[in-house]
2 protein chains.
Amino acid sequence: MSQGKASASQQLFTPVKNKRTFEEVSSNIKELILDGTLKVGDRLPPETQLAQQFNVGRQTIREALRLLELSGFITVQRGGGGGTIIKDTILRRISDLFIDAFRMRRVGIEAITQARLEVERIILDYALTNATKDDLEKLRANVGQANKLIKAGRLATEANAQFHGLLAKATGNPVFVMVLESIMAVHLDFLTRVPASLETSEKVVMAHEQLLEAIEQGDRAKAQSLLEAHLTEVRERLHQVDQEEA
Amino acid sequence: MSQGKASASQQLFTPVKNKRTFEEVSSNIKELILDGTLKVGDRLPPETQLAQQFNVGRQTIREALRLLELSGFITVQRGGGGGTIIKDTILRRISDLFIDAFRMRRVGIEAITQARLEVERIILDYALTNATKDDLEKLRANVGQANKLIKAGRLATEANAQFHGLLAKATGNPVFVMVLESIMAVHLDFLTRVPASLETSEKVVMAHEQLLEAIEQGDRAKAQSLLEAHLTEVRERLHQVDQEEA
DNA sequence: TCACATTTGTCCGTATGTATC
DNA sequence: AGATACATACGGACAAATGTG
């Protein structure tokens with residue numbers, strides 16, 4: 001890349017083929033998905049047929065499928081009746097890459113907590129003005145389910161994580177959902193190393209419930225201070241673990 | 001990992017193999033990179049040798065390499081003297097996935113602009129308190145380079161995008177860098193559809209210069225209003241394009 | 001400039017594992 | 001339980017690209 005000048009800083013001829021064949025196949029299928037020709041739930045033909053239709057070898061098809069799989073566009077099931085199915089798991093893939101990136105750069109837990117706090121502040125702000133009745137109902141249902149789990153003596157870790165995702169959705173802006181889920185994936189990755197106790201799980205549910213009430217009442221100031229307190233507590237808990245490990 | 005209790009409702013034996021072979025190989029190599037055994041710049045053995053060492057077929061190795069490649073851990077060059085080299089391109093991969101995610105969900109430009117504005121607000125806030133002399137020097141150099149390009153009658157698109165990345169770096173928190181670059185990648189993806197004029201490019205550089213001066217003087221209020229104005233202008237330009245297309 | 005060695009890219013044939021009916 | 005359909009995996013072979021002498 002980056003060939004400065006050809007005649008006048010612009011290249012006259014673009015190479016007919018610079019991508020590898022499996023990349024060609026991959027982006028070919030990707031475009032079909034993105035433009036709606038192939039929809040979620042649809043099934044792709046078997047690899048052998050794909051190879052024939054694209055007029056390439058099976059190995060090429062397989063490598064193309066690996067790209068699509070890791071990009072979150074398809075899932076592959078082996079065995080009879082299985083095959084390749086269009087499915088949107090991009091967000092999970094982004095989260096996975098975020099986790100990798102943090103491990104690679106050896107980013108500390110403080111940086112993540114700080115970023116999460118700031119993002120959640122924004123989210124709360126937007127959620128307070130944009131949340132629909134449907135959003136609030138879903139948040140209510142989430143807290144209800146979490147309470148149920150706690151009373152049954154079970155952990156509500158997953159539901160508790162979901163609460164923040166629902167809050168992000170209530171902003172009406174999907175970008176906030178993506179950003180929050182990416183950051184939270186890293187956060188949760190750290191959290192899995194600390195044995196979750198029933199008490200802390202219960203505390204979290206209570207905090208969510210109070211926060212939700214403040215949101216429902218439109219009490220901005222109260223909601224903000226509750227969020228602050230909630231996340232500060234999470235931060236303390238994580239730092240404790242961080243030091244124990246070190 | 002994470003087997004709480006072994007007697008009731010918990011599995012005693014975990015399956016020896018649930019991952020596919022190429023996934024096994026991939027995460028094997030990935031761990032070697034993450035724990036520092038393999039460092040950036042190192043070269044992996046040729047595929048045939050890898051196949052022998054892992055005792056698998058070359059096809060399996062190739063699919064494993066595709067995963068690592070798309071995850072941003074390696075780059076592959078063909079030909080003599082080429083091969084697989086450890087290289088960290090995770091951030092670029094995340095940006096690519098973000099672009100895919102937006103196309104897939106058909107998120108509008110307004111949502112992205114809004115999110116970017118909020119994130120940049122935070123970044124400016126942190127940069128104002130945390131920026132080191134080195135950070136400021138790099139920002140200065142960036143503006144200088146951009147000005148040079150403009151005077152030479154060339155566009156400064158790349159440098160202008162880099163300015164915001166440098167600002168994010170000045171927060172001292174790498175999470176902000178990741179989030180901003182992800183959002184900006186989508187933004188730039190939209191921007192490539194509008195033919196950039198020399199005048200707008202120049203305008204942007206001037207805005208950056210003014211903003212930098214305010215930061216250097218520690219004038220928080222001024223910096224904030226300048227940022228606001230700058231991003232609002234970008235927003236207007238984009239919306240214009242958006243409507244022309246529709 | 002040209003030939004050569006190295007390494008990835010691609011194809012084919014075949015066998016095995018696995019899930020569904 | 002058996003047949004079927006599909007992904008998974010192996011091995012061998014050749015083509016294409018790219019650096020080196």
Side-chain angles (χ1 to χ4, degrees), chain A residues 1-3 11 13-30 33 38 41-87 89, chain B residues 11 13-29 33 38 41-87 89:
Chain A
M1 293 40 111
S2 81
Q3 64 284 40
Q11 52 192 2
F13 308 107
T14 57
V16 175
K17 183 185 178 183
N18 41 5
K19 274 199 285 192
R20 294 169 285 189
T21 311
F22 66 83
E23 288 175 317
E24 203 74 51
V25 172
S26 171
S27 53
N28 216 314
I29 297 176
K30 191 157 115 178
I33 298 173
L38 292 171
D42 287 355
R43 289 181 42 159
L44 254 53
E47 292 174 357
T48 49
Q49 279 189 42
L50 282 173
Q52 286 176 359
Q53 292 185 242
F54 280 108
N55 196 28
V56 296
R58 289 190 297 285
Q59 164 128 12
T60 304
I61 293 294
R62 284 187 62 75
E63 292 187 37
L65 292 181
R66 290 294 84 76
L67 297 195
L68 291 170
E69 199 178 8
L70 205 70
S71 298
F73 285 104
I74 63 170
T75 60
V76 180
Q77 285 178 343
R78 44 188 162 187
T84 307
I85 301 167
I86 314 278
K87 196 173 173 187
T89 62
Chain B
Q11 51 191 2
F13 308 107
T14 57
V16 175
K17 184 185 178 183
N18 41 5
K19 275 198 286 191
R20 294 169 286 188
T21 312
F22 66 83
E23 288 174 319
E24 202 74 52
V25 173
S26 170
S27 52
N28 216 314
I29 298 176
I33 298 174
L38 292 171
D42 287 355
R43 288 181 44 160
L44 255 52
E47 294 174 356
T48 48
Q49 278 188 43
L50 281 173
Q52 287 177 357
Q53 292 184 242
F54 280 108
N55 197 28
V56 297
R58 192 160 85 99
Q59 167 159 10
T60 305
I61 294 294
R62 283 187 61 77
E63 291 186 40
L65 291 181
R66 290 294 84 74
L67 297 196
L68 292 171
E69 199 178 8
L70 205 70
S71 298
F73 286 104
I74 63 170
T75 61
V76 179
Q77 281 183 341
R78 53 182 157 188
T84 308
I85 301 169
I86 315 280
K87 196 174 172 186
T89 62

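In the text below, chain A, chain B and the rest are named by the order of the sequence lines, each starting its count at 1. We use all heavy atoms of the structure for the numbers below, so side chains are in, but hydrogens, waters and symmetry mates are not.
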Legend entry - For atom CD1 of I85(B) and atom P of dT7(C), their distance in whole Å: 12 Å
Inset, instruction - State whether T21(A) places a side-chain N or O below 4.0 Å from either non-bridging phosphate oxygen (OP1 or OP2) of dG9(C). - result: no
Inset, instruction - Verify the contact: side-chain N or O of R20(A) to OP1 or OP2 of dG9(C), cut-off strictly under 4.0 Å; return yes or no. - result: yes
Inset, instruction - Rounded to the nearest angstrom, tell me the gap between atom CZ in R78(B) and atom P in dT8(C). - result: 12 Å
Legend entry - Distance below 4.0 Å between R66(B) side-chain N/O and dG9(C) OP1 or OP2: yes
Inset, instruction - May I have the distance from K19(A) (atom NZ) to dT10(C) (atom C1'), rounded to whole angstrom? - result: 17 Å
Inset, instruction - Could you tell me which non-hydrogen atom of Q53(B) sits nearest to which non-hydrogen atom of P45(B), and how far apart they are? - result: OE1-CG, 3.8 Å
Inset, instruction - Determine the contact category for G57(B): base if any of its heavy atoms lies under 4.0 Å from a base atom, sugar-phosphate if only primed atoms, P, OP1 or OP2 are that close, otherwise nothing. - result: sugar-phosphate
Inset, instruction - Starting at atom CD of Q59(A), determine the distance to atom C1' of dA13(D), rounded to an integer number of angstrom. - result: 13 Å
Legend entry - Phosphate contact (dG9(C) OP1 or OP2) by T60(A) side-chain N/O below 4.0 Å: no
Inset, instruction - May I have the distance from R62(B) (atom CZ) to dT8(D) (atom C1'), rounded to whole angstrom? - result: 17 Å
Legend entry - CD on Q77(A) to OG1 on T84(A), rounded to 0.5 Å: 9.5 Å
Inset, instruction - May I have all residue pairs that pass salt bridge (charged side-chain N to carboxylate O under 4.0 Å, His left out) and include part of residues 47-59 of chain A, sequence neighbours excluded? - result: E47(A)-R62(A)
Inset, instruction - For R43(A), answer base if it contacts any base atom (sugar-phosphate contacts may also be present), sugar-phosphate if it contacts only those atoms, and nothing otherwise; contact means non-hydrogen atoms under 4.0 Å. - result: nothing
Inset, instruction - Pick base, sugar-phosphate or nothing for E47(B), based on heavy-atom distances below 4.0 Å to the nucleic acid. - result: sugar-phosphate
Legend entry - Side chains of S27(B) and K19(B), donor plus acceptor under 3.5 Å: yes
Legend entry - Sidechain N-carboxylate O distance under 4.0 Å for E63(A), R66(A): no
Inset, instruction - Would you state whether a donor and an acceptor, one from the side chain of R58(B) and one from the base of dT10(C), lie under 3.5 Å apart? - result: yes
Legend entry - L50(A) CG - dC6(D) C1' separation (whole Å): 12 Å
Inset, instruction - Please state how far atom CD1 in I61(A) lies from atom P in dA9(D), giving the value in whole angstrom units. - result: 17 Å
Legend entry - Along DNA chain C (nearest heavy atom to each residue), the more 5'-positioned of L44(B) and Q77(A): L44(B)
Legend entry - Atom pair distance, as rounded to whole Å: CD in Q52(A) and P in dC12(C): 10 Å
Legend entry - Closest to side chain of F22(A), choosing from dG11(D), dT10(C), dA7(D): dT10(C)
